[in-house]
Asks: 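Shown below is the structure under consideration.
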There are 2 protein chains.
Amino acid sequence: MSEKAFLEAYNPKDHDSPLVTVDAVLFTFHEGALKVLLVERANHPDRGKWCLPGGFVDMQADENLEETVIRKVKEKTGVAPPYIDQLATMGNSKRDKRGWSVTVCYTALIGYQVCEAGISTVQDAQWFDIAGLDRISLAFDHQELIRIGVERLRQKALYSIVPAYTLPDKFTLPELQHVHEVLLGKPLQKKSFRRRIEQADLLIDTGQQRTERGRPATLYRMRKHSGDHRFVANLRE
Amino acid sequence: MSEKAFLEAYNPKDHDSPLVTVDAVLFTFHEGALKVLLVERANHPDRGKWCLPGGFVDMQADENLEETVIRKVKEKTGVAPPYIDQLATMGNSKRDKRGWSVTVCYTALIGYQVCEAGISTVQDAQWFDIAGLDRISLAFDHQELIRIGVERLRQKALYSIVPAYTLPDKFTLPELQHVHEVLLGKPLQKKSFRRRIEQADLLIDTGQQRTERGRPATLYRMRKHSGDHRFVANLRE
DNA sequence: ACATATAGTGTCTTATAGTCACTATAATGC
DNA sequence: GCATTATAGTGACTATAAGACACTATATGT
């Protein structure tokens, strides 16, 4: 049989295939804490429980998985996040009561203010503080996905400035250091922190400053691809 | 409606779902070169082209995705690899002529000798040198998956000894250094290389030695979880 | 003006990688 | 046997980047 004939005769529904969903662990940083966006499930299974934003791939609307996850995040926040990265794919027969299911989970970062308006218009979406999250029961294996997402972001805090994407467009170095400190759960040397960022030329000085208390701090914004930069040496844990 | 009633009424086939496959980029190191295992496709589409070992999830036989990939690798090599890690999930409407498809791709490492017998009994499986692989046309997006796998392994060579899993159970330090050098495409300082491994106590001295030419080299084997160790500083690129 | 708070720097120390010459131990050839 | 060659492994100094911490700079509040 030719390939053409094979493809004409082929019907995907002849095979059983797992359910395929996409989820996003979307982090932000606000009021000194790392937060994750959760959504209240409107339907069975696990109706009423909180879960990650996500859902089924729409084979008509979505060209690829990334489009699916961006569509899902936009539905809840109103905007596309500036940082998105594949986190893990979970697939087994037990994670969803409806049967064998696969979820492709992404991690995304966004500033709090950027999507504040969008989130306030969506009744069922809410930021949850990472600390204490283990006390509430989430749908499916989403608790585990968040754990993996936090661990990944923590690792990145050691050798990159990816956590900067949890901040607004413009931010100060002390703010960024604070995010890293919260992620790593310990104080960092400001000299070391500043020095490596300066040497790698990762940030653009906006020329602006911001004063809260004390001396004003310089406002920076991320240079293009600064999220891809890996320092040759980690901050010590 | 109760959740119980919902689940009883639920039929996964009511939804369209993408095809779900699992693939493995299996590397080994032999005769001074990094190799990847490829399989010749017996069926449409892309019949006759080489591709990664992998295939559909068997929802009856497989409890989870990792079982699927291990089953598929065992079919071609006869053994389960000592190192396996999720690499990336590719999902879009174009990668497979049969329609919207998702592949969960793993990367795995194994010693050449360990599976030599298994591979020789499988007619359609063969090791390919990474160098020059870009000249042959692979099925689906498997060329891209291999590229991502090589890049990931190259990164790991900078801050871990994960590449050791491409070697036999027992190996010498110069052998391991050579793997890293091939991955990074440049010579490394043996003093630096040895020192960091010794300091982190990652290998077990087997007490045995091996002589090829010159002074005999000590044979080591990996300590448990040595693959998880991350050096605080990278080798310089 | 001074106290307080926070931003940012100077400089020494420490940890770890790079360099490279040196020693150690095998096989080989005369 | 002994020199030669090849490869394994070490010693010791240098270079780089992080840690520590005191010091300066520049705001606000009284």
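Sequence lines set the chain letters: A, B, ... in the order given, protein chains first and strands last, and positions in each chain run from 1.
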Asks: How far apart are the closest heavy atoms of Lys170(B) and Arg210(B), and which atoms are they?
Replies: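 Taking Lys170(B) first and Arg210(B) second, the nearest heavy atoms are O-NH2, 3.9 Å.
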
Asks: How many whole angstroms separate atom NE2 of His178(B) from atom P of dT7(D)?
Replies: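 Nearest whole value for this atom pair: 12 Å.
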
Asks: Report all interatomic pairs (protein N or O, nucleotide N or O of nucleotides 28-30 of chain C) with separations under 3.5 Å.
Replies:
none

Asks: Tell me which residues in residues 206-221 of chain B lie within less than 4.0 Å of DNA chain D, going by non-hydrogen atoms.
Replies: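 Only Arg213(B), Gly214(B), Arg215(B), Pro216(B), Ala217(B), Thr218(B) qualify.
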
Asks: Can a side chain N or O of Gln189(A) be found less than 4.0 Å away from OP1 or OP2 on dA18(D)?
Replies: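 Indeed not, no polar side-chain atom of Gln189(A) lies that close.
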
Asks: Among the nucleotides dA17(C), dA20(D), dT10(D), which one has an atom lying closest to any side-chain atom of Ala233(B)?
Replies: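 My answer, after comparing the listed nucleotides, is dA17(C).
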
Asks: Using OP1 and OP2 only, check whether a side-chain N or O of Arg196(A) sits under 4.0 Å from dA17(D).
Replies: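 For dA17(D), OP1/OP2 do not have a side-chain N/O of Arg196(A) under 4.0 Å.
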
Asks: If the threshold is 4.0 Å, N to carboxylate O, is there a salt bridge linking Arg195(A) and Glu198(A)?
Replies: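 Salt bridge flag = no for Glu198(A) with Arg195(A).
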
Asks: side-chain contact (heavy atoms from CB on, under 4.5 Å) for His180(A) and Phe193(A)? Distances and angles first, verdict last.
Replies: CA-CA 10 Å; His180(A) 282 247; Phe193(A) 192 79; 3.6 Å; yes

Asks: Nearest whole angstrom, please: distance from the P of dC20(C) to the CG of Leu188(B).
Replies: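 To the nearest whole Å, that distance equals 15 Å.
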
Asks: Determine whether Leu202(A) and Phe231(A) satisfy the following criterion, side-chain contact (heavy atoms from CB on, under 4.5 Å), listing intermediate values before the conclusion.
Replies: CA-CA 11 Å; Leu202(A) 297 180; Phe231(A) 298 103; 3.6 Å; yes

Asks: If the plane angle is over 60° it's perpendicular, under 30° parallel, otherwise tilted; pick one for Tyr112(B) and His30(B).
Replies: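 Ring orientation of Tyr112(B) relative to His30(B): parallel.
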
Asks: Tell me the closest heavy-atom pair linking Leu184(B) and Arg154(B), and the distance in Å.
Replies: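 Here Leu184(B) and Arg154(B) meet closest at CD2-O, 3.6 Å.
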
Asks: In whole angstrom, give the distance that lies between atom NZ of Lys191(A) and atom P of dT13(C).
Replies: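 The answer, rounded to whole Å, is 16 Å.
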
Asks: With nearest nucleotides of DNA chain D determined for Asn234(A) and Glu198(B) from heavy-atom distances, which residue corresponds to the more 5′ nucleotide?
Replies: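 The residue whose closest nucleotide sits nearer the 5' end is Glu198(B).
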
Asks: Using whole Å, what does the distance between atom C1' of nucleotide dG18(C) and atom CG of Leu158(B) come to?
Replies: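 Nearest whole value for this atom pair: 15 Å.
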
Asks: How would you label the contact of Gln177(B) with the nucleic acid (heavy atoms, under 4.0 Å): base, sugar-phosphate, or nothing?
Replies: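 No contact.
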
Asks: Look at Arg195(B) and dT16(C) and indicate whether a side-chain polar atom (N or O) is within less than 4.0 Å of OP1 or OP2.
Replies: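 False: Arg195(B) side-chain N/O out of range (4.0 Å or more) of dT16(C) OP1/OP2.
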
Asks: Between Gln199(B) (CD) and dA15(C) (C1'), how many Å, whole number?
Replies: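 The distance from CD of Gln199(B) to C1' of dA15(C) comes to 9 Å, rounded to the nearest Å.
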
Asks: Here's a test for you: under side-chain contact (heavy atoms from CB on, under 4.5 Å), which of Leu138(A), Leu133(A), Ile146(A) qualifies with Phe128(A)?
Replies: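 Considering Leu138(A), Leu133(A), Ile146(A), a side-chain contact (heavy atoms from CB on, under 4.5 Å) with Phe128(A) is found only for Leu133(A).
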
Asks: Return the value, rounded to whole Å, for the distance between atom CZ of Phe231(A) and atom P of dA15(C).
Replies: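 About 22 Å, once rounded to whole Å.
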
Asks: Just how far, in rounded Å, is P of dT7(D) from CG of Leu173(B)?
Replies: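 After rounding, the gap between these two atoms is 17 Å.
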
Asks: Take the protein atom CD of Glu175(B) and the nucleotide atom P of dA8(D), then report the distance between them rounded to whole Å.
Replies: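 Distance check: Glu175(B) CD to dA8(D) P gives 9 Å.
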
Asks: Could you walk me through whether Phe140(B) and Leu145(B) satisfy the side-chain contact (heavy atoms from CB on, under 4.5 Å) test, starting with their C-alpha distance in whole Å, then the side-chain angles of each, then the deciding distance to 0.1 Å, before giving a yes or no?
Replies: CA-CA 10 Å; Phe140(B) 312 116; Leu145(B) 289 170; over 6 Å; no

Asks: Say whether, by atom type as modelled, one donor and one acceptor occur between the side chain of Thr68(A) and the main chain of Val57(A) under 3.5 angstrom.
Replies: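 Absent.
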
